Amino acid sequence: HKHHPDLTERFTEETLNHFGVGFSMYGDLDGRITFPIDSPDGDIISISGRMPEYEKLGVPKYFIIGDTKTKSTLWNYSRISKELGYVIVVEGFKSVMALYQYGYPNSVAAISASLGKEQKDLLLRLGLPIIVICDNDKVGEMFGQSVYNQCSRYLDVSVINLSEITNEKKASVDDLDNFEWEILEEKILNEMYKR
């Protein structure tokens, strides 16, 4: 795997290899950071390519090749362990990777800012208490509300808003500094031990 500096500054080699994340230097995903997307049973169904500096280049941030029905899976779902007794739900790949690196492997990404029906069904099938971590923007808060509205009738759902932790607009878990992470971890542990 070749890795992009955007990732190596933030993530360890072990984390990048665990998720099979790389950097494409040819084909449809040329110049993009690649995230393999797993089906609920663990098969790779598509690859999402994220373009660094996409605004400057005037290209879409993400480009997906393969079976692009991302709403039928949750990223990292196939690795969830019911024994851990919780699942953390976030919007994006890098938040899941950051949580894994911080010692919270039981997290999944909706790969967008809303939860589809099939994704909701996957969460209900796990039957685990859900902790949603919302990015620090309006979209993030709507995402948290969407997960809460769809799942709280069936499962224990708690919502943590990053707006309570960081002033950085649009920040997600992978943007937090060590001090902010400690605050988030305290909130995660509070939710886990409330149960």
Side-chain angles (χ1 to χ4, degrees), residues 15 18-21 34-50 60-163 170 172-174 184 187-195:
T15 297
H18 177 79
F19 291 102
V21 173
T34 54
F35 301 88
I37 297 173
D38 52 327
S39 71
D41 55 12
D43 297 326
I44 301 299
I45 51 173
S46 53
I47 298 175
S48 176
R50 181 184 190 277
K61 185 175 183 178
Y62 284 99
F63 182 73
I64 297 181
I65 58 170
D67 179 0
T68 59
K69 294 190 286 294
T70 54
K71 283 290 178 206
S72 62
T73 190
L74 288 158
W75 197 62
N76 198 44
Y77 185 87
S78 62
R79 298 185 188 96
I80 295 299
S81 158
K82 287 191 177 187
E83 280 70 65
L84 289 177
Y86 70 91
V87 62
I88 297 174
V89 182
V90 292
E91 285 177 54
F93 304 118
K94 292 196 297 180
S95 291
V96 168
M97 291 166 65
L99 286 160
Y100 170 81
Q101 197 162 285
Y102 284 128
Y104 294 87
N106 253 29
S107 59
V108 295
I111 322 175
S112 80
S114 64
L115 194 71
K117 187 196 176 306
E118 287 176 74
Q119 292 176 316
K120 177 195 86 171
D121 292 345
L122 289 171
L123 287 173
L124 298 187
R125 197 180 309 157
L126 285 176
L128 295 171
I130 296 169
I131 299 169
V132 191
I133 301 176
C134 307
D135 290 358
N136 184 18
D137 57 14
K138 200 88 206 118
V139 173
E141 288 180 16
M142 284 161 58
F143 172 72
Q145 197 59 55
S146 151
V147 176
Y148 184 85
N149 291 349
Q150 293 186 63
C151 301
S152 60
R153 229 174 313 162
Y154 314 100
L155 297 168
D156 187 0
V157 180
S158 44
V159 178
I160 298 172
N161 288 302
L162 290 186
S163 59
K170 296 191 173 188
S172 47
V173 177
D174 56 290
L184 174 59
K187 287 178 180 285
I188 292 171
L189 293 172
N190 282 343
E191 292 307 334
M192 284 182 184
Y193 296 119
K194 236 173 42 181
R195 306 178 196 298

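Values in this document were obtained by computation on a predicted structure and should not be read as measured data. Note: hydrogens, waters and symmetry copies are ignored here, and every other heavy atom, side chains too, is used.
Phe143 places none of its side-chain heavy atoms less than 4.5 Å from the side chain of Lys138. Side-chain contact between Tyr193 and Leu189: present, with at least one pair of heavy atoms (C-beta onward) separated by less than 4.5 Å. A 4.5 Å side-chain heavy-atom check between Ser146 and Asn149 finds every atom pair outside the cut-off. Side-chain atoms of Ile130 and Val132, non-hydrogen and from C-beta on, do get closer than 4.5 Å to each other. Looking only at side-chain heavy atoms (C-beta outward), Ile133 and Ile88 come within less than 4.5 Å of each other. The side-chain heavy atoms of Ser46 and Ile65, taken from C-beta on, include no pair separated by under 4.5 Å. By the 4.5 Å heavy-atom criterion applied to side chains, Ser163 and Glu141 are counted as neighbours.
Of all non-hydrogen atoms in Leu74 and Ala110, the two that sit nearest each other are CD2-CA, 3.8 Å. Closest of all the heavy-atom pairs between Ile160 and Ile188 is CD1-N, 3.9 Å. Residues Pro105 and Leu84 come closest through the heavy atom pair CG-CD1, 3.9 Å. The two atoms that bring Ser72 and Pro40 nearest to each other are O-CG, 3.9 Å, heavy atoms only. Of all non-hydrogen atoms in Asp38 and Thr73, the two that sit nearest each other are O-OG1, 2.8 Å.
Test Met97, Lys94, Arg50 against Val21 for side chain to side chain contact (heavy atoms under 4.5 Å, CB included) and you get one pass: Met97. Put simply, the residue from Ile37, Val108, Val90 that forms a side chain to side chain contact (heavy atoms under 4.5 Å, CB included) with Trp75 is Ile37.
No side-chain donor-acceptor contact under 3.5 Å links Ser95 and Glu91. Ser39 and Asp41 are linked by a side-chain donor-acceptor pair at a separation below 3.5 angstrom, with hydrogens and angles left out of the test.
Residue Met142 holds its CE atom at 13.0 Å from CG of Asp135, rounded to the nearest 0.5 Å. Within the model, atoms CZ of Arg125 and NZ of Lys120 stand 12.5 Å from one another, a figure rounded to the nearest 0.5 Å. The distance from atom CG of Leu128 to atom CD of Glu83, rounded to the nearest 0.5 Å, is 9.5 Å.
Side chain of Tyr77 to main chain of Leu122: a donor-acceptor pair is present (N/O by atom type, distance under 3.5 Å, no hydrogens or angles). In this structure, Thr34 contributes its side chain and Gly49 its backbone to no donor-acceptor pair below 3.5 Å. The backbone N or O of Ser107 lies less than 3.5 Å from a partner atom in the side chain of Asn76, making a donor-acceptor pair. Glu191 places no side-chain N or O within donor-acceptor distance of the main-chain N or O of Ile131, the cut-off being under 3.5 Å. Put simply, the side chain of Asn106 gets close to the backbone of Tyr86: a donor and an acceptor are under 3.5 Å apart.
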Apply the test side chain to side chain contact (heavy atoms under 4.5 Å, CB included) to residues Asn136 and Asn161: give CA-CA distance (whole Å), side-chain angles for both, the deciding distance (0.1 Å), then the verdict. CA-CA 7 Å; Asn136 184 18; Asn161 288 302; over 6 Å; no
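Remark: aromatic rings of Phe19 and Phe93 are distant, center separation not under 6.0 Å.
For Tyr148, the OH atom is loosely surrounded, since the number of other residues' heavy atoms within 6.0 Å does not exceed 12.
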Validation: residues 111-118 side-chain donor-acceptor distances under 3.5 Å, sequence neighbours left out:
residue : atom : partner : partner atom : Å
Ser112  : OG   : Lys71   : NZ           : 2.6
Ser112  : OG   : Ser114  : N            : 3.2
Ser112  : OG   : Ser114  : O            : 3.1
Ser114  : OG   : Lys71   : NZ           : 3.4
Lys117  : NZ   : Asp121  : OD2          : 2.7

